[in-house]
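Inspection log for the structure reproduced underneath, given as structure tokens.
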2 protein chains.
Amino acid sequence: MANNRLSDLLHILVYIQMHQNQKLTSDLIASSLNTNPSLARRMMGQLRKADLLETTQGSATPKLTKDPKDITVFDVYLATCPDSPLLKVDHNTSKECQVGNAIPGVLNKYYLDIQSAAEAKMRHVTIQDLINDVEMSIRHHLMVAEQ
Amino acid sequence: MANNRLSDLLHILVYIQMHQNQKLTSDLIASSLNTNPSLARRMMGQLRKADLLETTQGSATPKLTKDPKDITVFDVYLATCPDSPLLKVDHNTSKECQVGNAIPGVLNKYYLDIQSAAEAKMRHVTIQDLINDVEMSIRHHLMVAEQ
DNA sequence: TGTTATTATAACATTAAAAGTAACAGCAGA
DNA sequence: TCTGCTGTTACTTTTAATGTTATAATAACA
């Protein structure tokens, strides 16, 4: 998966939570994402497998499995694609070359540290935080439009 | 560029520094990377543009521009590809939808924070650190082989 | 001053991954 | 039962990176 998949999954969760009382077909969700219903359903499938979303076949009633305060960006990041770090070590190096042989292991150590730092930040942001900001942004947008 | 390009650029700098007294053709460097000389030269070109490597057309004498202690992983990360963050916000959302319109800006704020945390870690690792670890790994490898 | 080796670079082909698209079986609800 | 929707699969298209080839320009040296 690409590293912009997270953006779409967060978008979907925020959209669904903010439209709980309204119609929530994959068609509507897809149009907010500027994509097609099939891809939207596939992405919702990722969220379902990560136990972040409940869906019912035949019924346009997706629902977060938890309070948005209890879902972090990190949870959603884990849903994007297992074992796909932000930085990838190139393991396809020459094993005949001493440097080529040693480099992947060495880089891996530092990459894990970088990854952890990023993940720590992800753990501190919740879907509710995003919703609050989106609502604020919408209010601000309306105020500007009214002037 | 892919997010494993950084791995190759670090590899190149370490390799060059550790073979300063030896032959350093793009062919040799490419074989350590398990790739082709043309791509190796292209990657060295990225390092040259970032002012991390000096090369001379016609002469197989690449050389780091600075002491390896003074080149950080972050410097090399900047060389990989300008304006390509670890996480990408999907800006292709519906502007007619309030959520679709607001989400990119909201996510961007949090993504910058995540990016900064990762970059801070990168700034604390130098090429010299990598060289030390590679040398240690080679020594350890030899010791095990001798037993 | 040639000759050979090498780099820098461009053009093109190949590959791989993601996204787009279409189709269809199965469930929900009226 | 009928309609609308989901879950899923298969296939096509697109895009980005890499692989490959070729060529002009420079360096080193006999």
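Quick note on labels: first sequence line is chain A, next is B, and so on, each numbered from 1.
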So does A/Asn4 get a side-chain nitrogen or oxygen closer than 4.0 Å to the phosphate oxygens (OP1/OP2) of C/dA19?
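So the side chain of A/Asn4 is within the cut-off, an N or O lying under 4.0 Å from OP1 or OP2 of C/dA19.
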
Separation of [N] [atom2] from [X] [atom1] (nearest whole Å):
X	N	atom1	atom2	answer
A/Leu28	D/dG4	CG	P	15 Å
A/Asn36	D/dC5	CG	P	16 Å
A/Leu9	C/dA18	CG	C1'	14 Å
B/Leu39	C/dT14	CG	C1'	14 Å
A/Gln46	D/dT8	CD	P	12 Å
A/Lys63	D/dT6	NZ	P	17 Å

Do side-chain atoms of [X] reach the backbone of [Y] as a donor and acceptor pair under 3.5 angstrom?
X	Y	answer
A/Ser116	A/Leu112	yes
B/Asp129	B/Thr126	yes
A/Ser32	A/Ile29	no

Nearest heavy-atom neighbours spanning B/Tyr77 and B/Leu86:
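Heavy atoms of B/Tyr77 and B/Leu86 come nearest at OH-N, 3.8 Å.
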
Determine which pairs satisfy salt bridge (Lys or Arg N to Asp or Glu O under 4.0 Å) with at least one residue from residues 27-36 of chain A, sequence neighbours left out, and list them in order.
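Matches after skipping sequence neighbours: none remain.
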
Protein-to-nucleotide contact annotation, 5' to 3' order, nucleotides 3-11 of chain C [B base; S sugar-phosphate only; - none; under 4.0 Å, heavy atom]
---BBBBB-

Same apolar cluster: A/Leu142 and B/Val99, side chain cutoff 4.5 Å:
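Per the 4.5 Å side-chain linkage, A/Leu142 and B/Val99 are co-clustered.
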
